[in-house]
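To keep things clear, I will list the structure first and then write my remarks on it.
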There are 2 protein chains.
Amino acid sequence: MRFTAEPVARLIEEFHRLPGIGPKTAQRLTFYLLRAPVDQSRELAEAILDMKERVTFCSNCFHITEENPCAICTSPQRDRTQICVVEEPLDVMALERTSEYTGLYHVLHGAISPVEGIGPDELRISELLERVRRDGVQEVILATNPNLEGEATAMYLAKLLHPLGIKVTRLARGLPMGSDLEYADEITLARAIQGRREM
Amino acid sequence: MRFTAEPVARLIEEFHRLPGIGPKTAQRLTFYLLRAPVDQSRELAEAILDMKERVTFCSNCFHITEENPCAICTSPQRDRTQICVVEEPLDVMALERTSEYTGLYHVLHGAISPVEGIGPDELRISELLERVRRDGVQEVILATNPNLEGEATAMYLAKLLHPLGIKVTRLARGLPMGSDLEYADEITLARAIQGRREM
């Protein structure tokens, strides 16, 4: 006789396959759904299927998109001489919210991280170099995260891009808006002094 | 122009609705599925739908089951004079693995916890009392967890069950197998002394 319902065991297993979800969390999520209204399970399952069906990556910039190439890459209003390089699709969304940037993007899908075993080959770097060579790009803005992995990736890319004779820039580092000088860490403060501007 | 794919935002939102999944984790899971093979998403979605469709709670003992009443409640081999009271369906599975217990179960679906706002009314306590009164039960084994909430629940149940004139027992507390006396906490050791048995 079986006293463990097989569908329950299977869902625990499926949740457990997701990154950062241990066996205990997988059990907790499964039993939560078991007790929650059936609508929530249906909405979650549909959202998963719907996303995989409708969303792909742009074959040019590797941002998420429902049409390939994406709306940014095909827009006639965008400046095609600039490429802003980011780690994740979410970074594109964050930059778009500023309405400050009108060029194109290139999503690397990660950053170089020897600890996690992510080397340059795991990222969309060769595709970036091809775009720069082919599309008459004049400036590449390196907008990887200002942390260890992001800095390493930016330095690596800068070394590859410089020989191509284009302008390579990096997002400004400094004090974030609304912050308190007293609590700023030394590195941020040092960068803010180095990058000071006349006013 | 929309540069955020709506299906992505919706899945992030759905993951975020699950308990213990914050916005960052929801994003991480969503982008993981976006990059993972389509099979994994399909299997996860199917497992969710399948579980909700096939698994319910037994109307007698509230254990998870694909048939109602469950296989334990309907089994002619089980001792119907004993009910083992547990907090979660997983506890039933743990006890079944021991092959030591041959009676019936009753799943409370939680434990009394004033901190989390779970009172006796949120648990399947009235249903337990009804079963005890109706089904000629002779012994109720309180197998709630040996922690604060589980102990409180056991004490609360014992007070309700004693007037019904049945035997009320609690799982033995003591040193777990394979443990080291030197590292046992005082309460466990005290219980082990109190519960010592002749050999």
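Chain naming here is simple, since letters A, B, ... match the order of the sequence lines and numbering starts at 1 in each.
With a threshold of 4.5 angstrom between heavy atoms, B:Q27 approaches chain A through side-chain atoms but not through N, CA, C or O. At a 4.5 Å heavy-atom cutoff, the contact between B:L33 and chain A is made by backbone and side-chain atoms alike. Both the backbone and the side chain of B:T30 come within contact range of chain A, each with at least one heavy atom under 4.5 Å from a heavy atom of that chain. Residue A:L29 touches chain B through its side chain alone, counting heavy-atom pairs closer than 4.5 Å.
Between A:R124 and A:E127 there is a salt bridge, since a side-chain N of the basic residue sits under 4.0 Å from a carboxylate O of the acidic one. Taking a cutoff of 4.0 Å between a charged side-chain nitrogen and a carboxylate oxygen, A:R54 and B:E6 qualify as a salt bridge. Classification of A:R17 and A:E14 as a salt-bridged pair holds, one side-chain N sitting under 4.0 Å from a carboxylate O. Salt bridge A:E88/B:R35: present, at least one basic N to carboxylate O contact under 4.0 Å.
Side chain of B:E87 to backbone of B:N145: a donor-acceptor contact under 3.5 angstrom is found. Side chain of A:R170 to backbone of A:L142: a donor-acceptor contact under 3.5 angstrom is found.
The choice from A:I21, A:T25, A:D50 that makes the most heavy-atom pairs within less than 4.5 Å of chain B is A:D50. Heavy-atom pairs under 4.5 Å with chain A peak, among B:E53, B:R28, B:E43, B:R10, at B:E43. Taking chain A as the reference chain and counting heavy-atom pairs below 4.5 Å, the highest number among B:V38, B:L90, B:T65, B:L49 is found for B:L90.
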